[in-house]
Visitor: 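Before anything else, here's the structure in question.
Worth knowing before you read on, the calculation uses all heavy atoms, side chains too, and leaves out hydrogens, waters and symmetry mates. A note on names: the letters A, B, ... follow the listed sequences, proteins ahead of strands, and every chain is numbered from 1.
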Amino acid sequence: MLFDETIVAVSTPTGPGGIGIVRLSGSKSFSIIDRLAKTRNEPISSKKSHTTTLAKIIDPQTDELIDEALITIMRSPNSYTREDIVEINCHSGAVPIRKTLEAALNEGARLAEPGEFTHRAFLSGRIDLTQAQAVMNLVQARSEAAGRAAARQADGHVGKKIELLRKGLITLAAELEAAIDFADEDIESISPEKVSHALKKIIKEIEELIDAVSKGKTLDRGILAAIIGRPNVGKSSLLNAVLMEDKAITSSQPGTTRDIVEAQVQLEGIPVDLQDTAGWRDPQDDIEKLGLEKTKKAIAESDLVILVLDGSEPLAQEDQDLLDLPVKSQHCVTVVNKNDLPRKLLLDERLSASRADHIVSVSARSGDGIDLLGKTIAEIFGFSREAEGHEAFLASVKQENNLKLAKRNLVEADEAHGQGFGEEVVSTLIKEALVNLGEVIGTEVNEEIIKEIFNRFCIGK
Amino acid sequence: MTNKKTDFDIIVIGAGHAGCEASLAAARMGCKVLLLAINVDKIAHMPCNPSVGGIGKGQLVREIDALGGEMARNADQAMVQIKTLNGSKGPAVQALRAQADRRKYSWLMKRSLLEVENLTLRQGEVLEITKDGSAGFFVKSSDSQSYSARKVIVATGTFLRGEIVIGSTSAPGGRAGELPSNGISKALKQLGVELGRFQSATPPRVLEHSVDTGKMVVQPGDIDPVRFSFESAKRRIKQRQCYLTYTGEKVHNVIKKNLHLSPIKSGSVSAKGPRYCPSIDRKIMNFPDRKRHPVFVEPEGWRNHEMYLQGLTTSMPIEVQEKIINSVLGLEKAIMIRPGYAVSYDYVLPHQLKKTLECFLRPGLYTAGQINGTSGYEEAAAQGLMAGINAALACQGKESLVLDRASAYIGVLIDDLVTKEIDEPYRMFTSRAEYRLLLRSDNADLRLAPIGHSLGLISDERMSRVEKKRQGIEACIAKLEATPVEVAGLLDPIEGKRARKEGRLRAKVLLKRPEVTIEQLKPIVRLGRFSKEIRRQAEIEIKYEGYIKRQQSRITAQKQFEKMELPDIDFKQIEAMSSEARQKLDQVKPRSLGQASRIAGVTPADISILMIYIEQCRKSL
Ligand SMILES: Nc1nc2c(ncn2[C@@H]2O[C@H](COP(=O)(O)OP(=O)(O)OP(=O)(O)O)[C@@H](O)[C@H]2O)c(=O)[nH]1
Ligand SMILES: [Mg+2]
């Protein structure tokens with residue numbers, strides 16, 4: 001958003017084995033491509049506008065060959081954003097795309113926010129408002145998908161580690177800040193040795209994490225699907241039917257499932273992470289209350305909501321509540337279960353479009369309709385799966401990039417500390433690392449730190 | 001349109017720290033000002049500790065001085081003790097704190113008010129504030145006087161529907177011994193201003209000669225004291241001592257035994273109070289493992305015979321307060337003069353304000369000081385100054401003055417107030433300022449005096465002194481940049497071996513090393529012609545240079561953002577934005593894109609959309 005920054009993004013979804021374009025825009029685009037692209041003679045940046053060159057892409061930090069790619073340059077102002085643009089066509093799949101992107105980030109580009117290219121194009125007068133608005137609506141959907149991907153990630157292994165690292169840094173910053181802002185209070189200030197020790201420890205942990213993240217790159221994530229419904233409609237039975245194994249406990253007693261049961265399955269070749277949830281009803285005890293919270297969270301993070309209804313019973317209030325549950329941008333499938341029994345369920349024709357589009361009648365007991373359910377899901381995601389995968393992919397690049405930026409700031413903090421700079425400098429750098437890790441703005445970090453100070457120290461004269 | 005004649009340009013209601021700065025600034029800028037004080041014997045009164053400054057707050061005082069405000073000068077004259085806090089830490093976080101003589105502070109301020117042309121001081125309790133068509137406001141006082149003015153600044157501190165709690169009794173009161181103001185709460189509500197409720201508290205005071213200071217640790221002032229005002233003379237002064245003692249098991253037992261009587265337990269003090277100023281009861285509840293808590297025993301003036309017990313804030317019943325006091329080492333025989341108390345009061349939810357401190361809803365109506373949910377005299381004075389300046393600028397048809405987060409703590413203060421959700425009385429900490437390395441106490445004049453000068457609040461002579469200082473610093477840095485120095489001559493003999501290999505380095509490069517000081521370089525580089533103050537400024541600039549540069553680039557980017565003003569937008573209408581963002585934006589009503597970006601819950605994607613939206617508005621004009 002800040003125009004002196006050069007942004008980078010992958011502009012087509014990264015399907016398995018597909019082609020993706022890494023696109024740079026901004027004043028540093030050309031100098032970055034000159035560092036990344038090995039050419040025989042003159043550098044890419046000296047080429048004419050709108051020419052395409054075949055070149056080897058290398059990682060300037062390791063000299064490792066990443067890919068052979070077609071590179072197109074477009075000079076300002078004759079480009080989409082009216083800035084210098086470079087497009088790198090990687091042709092051998094997701095891994096080189098990711099590496100190219102990472103190399104560009106290492107050279108000083110910033111990962112573009114959803115819609116940022118369009119945004120620049122609009123502000124420079126390249127496209128008109130109606131065009132921009134159309135794109136912005138897509139951007140909104142994308143940033144919601146990105147939000148879900150990020151939330152999922154925050155919950156994942158790496159996300160949790162990052163949260164721990166942040167906590168450690170908040171504690172350290174709180175110690176330093178307390179020593180500054182409450183120096184006239186009776187608080188014990190942290191020793192320089194401890195600061196140095198804490199910093200080194202966290203730097204090491206970040207390094208390990210970066211290593212783990214870059215080694216275990218999982219580009220293909222499944223679609224996250226939450227199975228919801230009131231108790232006893234057969235959610236767990238449905239999960240088992242889809243999996244073709246008895247993964248979840250089922251019984252005729254309402255309230256059988258109390259915690260989330262997860263399983264992975266391929267539906268028509270699409271990986272899906274299924275989450276069976278506790279029955280939706282007014283919680284009867286604390287455990288159910290927790291269960292309900294988890295269900296809500298699962299719904300919020302999912303890409304797909306599978307709402308199960310019991311076809312052998314009339315519509316209950318809870319069913320109606322769930323049918324009315326606002327779903328933002330998730331896809332929905334409504335499953336009418338127990339079709340081996342006489343149908344008593346009448347569905348209101350006022351069902352919202354998102355609900356009415358995909359209604360599947362099944363029997364978890366006999367297995368009838370389960371195939372159709374799989375096909376329906378595959379159909380829904382046939383078009384947008386790539387986009388969801390794309391967000392997950394970008395989220396993980398971002399995560400890794402954030403870790404690297406944080407590490408850089410912390411190394412600098414440690415150096416400053418070693419040279420004898422005071423708390424005010426060391427803490428400033430730690431705060432920057434916190435901003436990197438948390439993707440929040442500085443003032444929010446300050447609030448977090450102040451809160452931690454009051455938790456840790458007895459402040460107040 | 002000001003066809004209609006009004007009695008005054010500006011009426012300031014309340015003569016506390018905010019009200020005084022507001023009326024002085026506005027009058028000095030040439031406006032006709034009426035200052036209404038509920039009690040002219042309590043001008044710039046300090047109902048809590050008579051201390052000025054502190055870490056974060058001291059920076060504010062310096063900034064007030066650099067802009068031409070009064071607080072620093074007043075504190076310099078009224079102090080009984082002064083010291084530099086964080087003296088052993090980096091210059092960015094050093095700050096001054098003074099203990100003042102409460103009565104002297106008050107009458108000095110009164111004198112300044114009376115000396116200024118264009119300013120009328122009048123005692124009177126305000127009952128009504130009403131809008132007077134488009135021309136301005138009517139203000140009515142309890143003695144049936146009615147005044148009109150084009151702008152009104154309300155600076156009534158904790159007086160709005162104030163309620164004082166001691167033990168199980170609670171009674172209406174703005175401060176101990178003073179009646180609250182109920183009329184203004186009502187008047188503000190009628191003008192459409194939304195109010196919230198906060199709470200604050202103060203410790204008991206004891207008779208000076210009943211304190212056994214022999215059992216306490218002496219806390220002297222600085223031997224070579226610095227002053228708040230850049231203009232105050234630097235002569236030696238007489239100072240008083242403060243003392244430090246501690247609570248112990250005995251005190252804690254008394255409190256534990258009587259906790260059921262504590263208003264915080266019984267719930268009679270329920271409004272939100274500050275985390276940074278907990279009562280002793282709360283400290284013992286929240287930190288049961290602490291064996292002792294410090295108690296600073298501080299004089300309230302030269303001759304007022306009362307000592308302030310910093311650290312013993314409580315609103316327990318009076319008998320319990322006495323028991324607590326008498327269980328503290330050195331206070332066994334102390335005689336309590338005034339009990340501690342808690343006060344809860346209405347405040348204006350500050351998100352209703354523009355950064356000029358004018359109410360969005362009621363152009364011409366400003367609020368400043370504790371009424372806006374802050375705590376502390378310094379925060380109040382800073383707001384008063386800005387409200388006074390802006391009301392005056394508005395009267396004169398000139399462009400308003402808003403300081404941004406990168407130019408002053410005052411900017412941080414006001415931006416936080418109007419942008420953030422404030423859930424306790426707001427106090428300044430240095431950690432709230434993201435550009436802390438730049439916003440130093442020592443360079444406040446360099447940062448802000450040009451602004452004060454352009455407003456007419458800083459004299460030409462003073463401005464030329466600041467300008468000379470700036471040039472001196474530049475010349476000094478240039479000299480350091482240009483002069484090569486033999487490294488070996490500087491470092492200690494043990495390190496000499498390594499140093500000799502380094503040969504000659506530019507003095508500036510050497511000075512970047514933490515172990516090298518400018519005073520060491522002074523004879524070698526011949527810096528004698530620069531004053532000590534200038535040398536120190538040069539040194540600070542050079543030592544922080546790398547870090548300041550990093551901040552500077554962020555500031556430039558942020559400034560671009562800050563410049564993009566948001567027109568009056570119905571944020572709820574922007575459908576492409578997430579509903580959370582729409583709601584938050586609608587609540588805060590940011591005036592610039594920069595401010596919008598600091599609202600929790602507003603994502604970069606939302607900002608993108610907002611930018612497109614502004615552009616759309618601009619083009620359709
Ligand atoms: N006839 C028939 N019974 C079914 C079918 N699916 C599930 N049931 C029965 O319905 C009862 C509830 O099934 P579960 O799968 O445990 O239901 P649930 O929705 O997971 O229930 P909770 O975990 O309690 O919320 C069991 O007795 C199942 O055998 C079906 O398709 N047909
Ligand atoms: Mg179940």
Visitor: With only heavy atoms counted, which part of A:A173 is less than 4.5 Å from chain B, the side chain, the backbone, both or neither?
Guide: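 Neither part.
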Visitor: Can you tell me which portion of A:L429 sits under 4.5 Å from chain B's heavy atoms? Options are side chain, backbone, both or neither.
Guide: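 Only the side chain of A:L429 comes within 4.5 Å of chain B.
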Visitor: Which distance, rounded to the nearest 0.5 Å, do you find between the CG of A:D181 and the CG of B:N86?
Guide: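 Taking CG in A:D181 and CG in B:N86, the distance rounds to 8.0 Å.
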Visitor: If you take all heavy atoms of B:I55 and A:I180, which pair is closest and at what distance?
Guide: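 So the minimum-distance heavy-atom pair works out to CD1-O, 3.2 Å.
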Visitor: Is it the case that the side chains of A:E424 and B:Y547 hold a donor-acceptor pair, with the cut-off being a distance below 3.5 Å and no angle test?
Guide: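 Distance-only check fails for B:Y547 and A:E424.
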Visitor: Heavy-atom distances under 4.5 Å only: say whether A:I449 touches chain B with side chain, backbone, both or neither.
Guide: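 A:I449 has no heavy atom closer than 4.5 Å to chain B.
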Visitor: With respect to chain A, which residue among B:P203, B:P514, B:A92 yields the maximal number of heavy-atom pairs within a distance under 4.5 Å?
Guide: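 Most pairs with chain A among the choices: B:P514.
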Visitor: Within a reach of under 6.0 Å around CD of A:Q419, are more than 12 heavy atoms found that belong to other residues, nucleotides or ligands?
Guide: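 Result for CD/A:Q419: enclosed.
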Visitor: Between B:R432, B:Q94, B:H293, which shows the greatest number of heavy-atom pairs under 4.5 Å with chain A?
Guide: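 Most heavy-atom pairs within the cutoff with chain A belong to B:R432.
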Visitor: Do B:F429 and A:F182 have ring centroids that are under 6.0 Å from one another?
Guide: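 Yes, the ring of A:F182 comes within the 6.0 Å limit of the ring of B:F429, centre to centre.
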Visitor: Does any part of the side chain of B:R550, heavy atoms only, come nearer than 4.5 Å to the side chain of A:T428, both counted from C-beta?
Guide: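 Side-chain contact under 4.5 Å: no.
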Visitor: Between B:R290 and chain A, with a heavy-atom cut-off of 4.5 Å, which part of the residue counts as in contact: side chain, backbone, both or neither?
Guide: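 Side chain of B:R290 only, per the 4.5 Å heavy-atom cut-off to chain A.
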Visitor: If you define the side chain from C-beta out and look only at heavy atoms, does anything of A:E423 sit under 4.5 Å from B:K89?
Guide: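 Yes, their side chains come closer than 4.5 Å.
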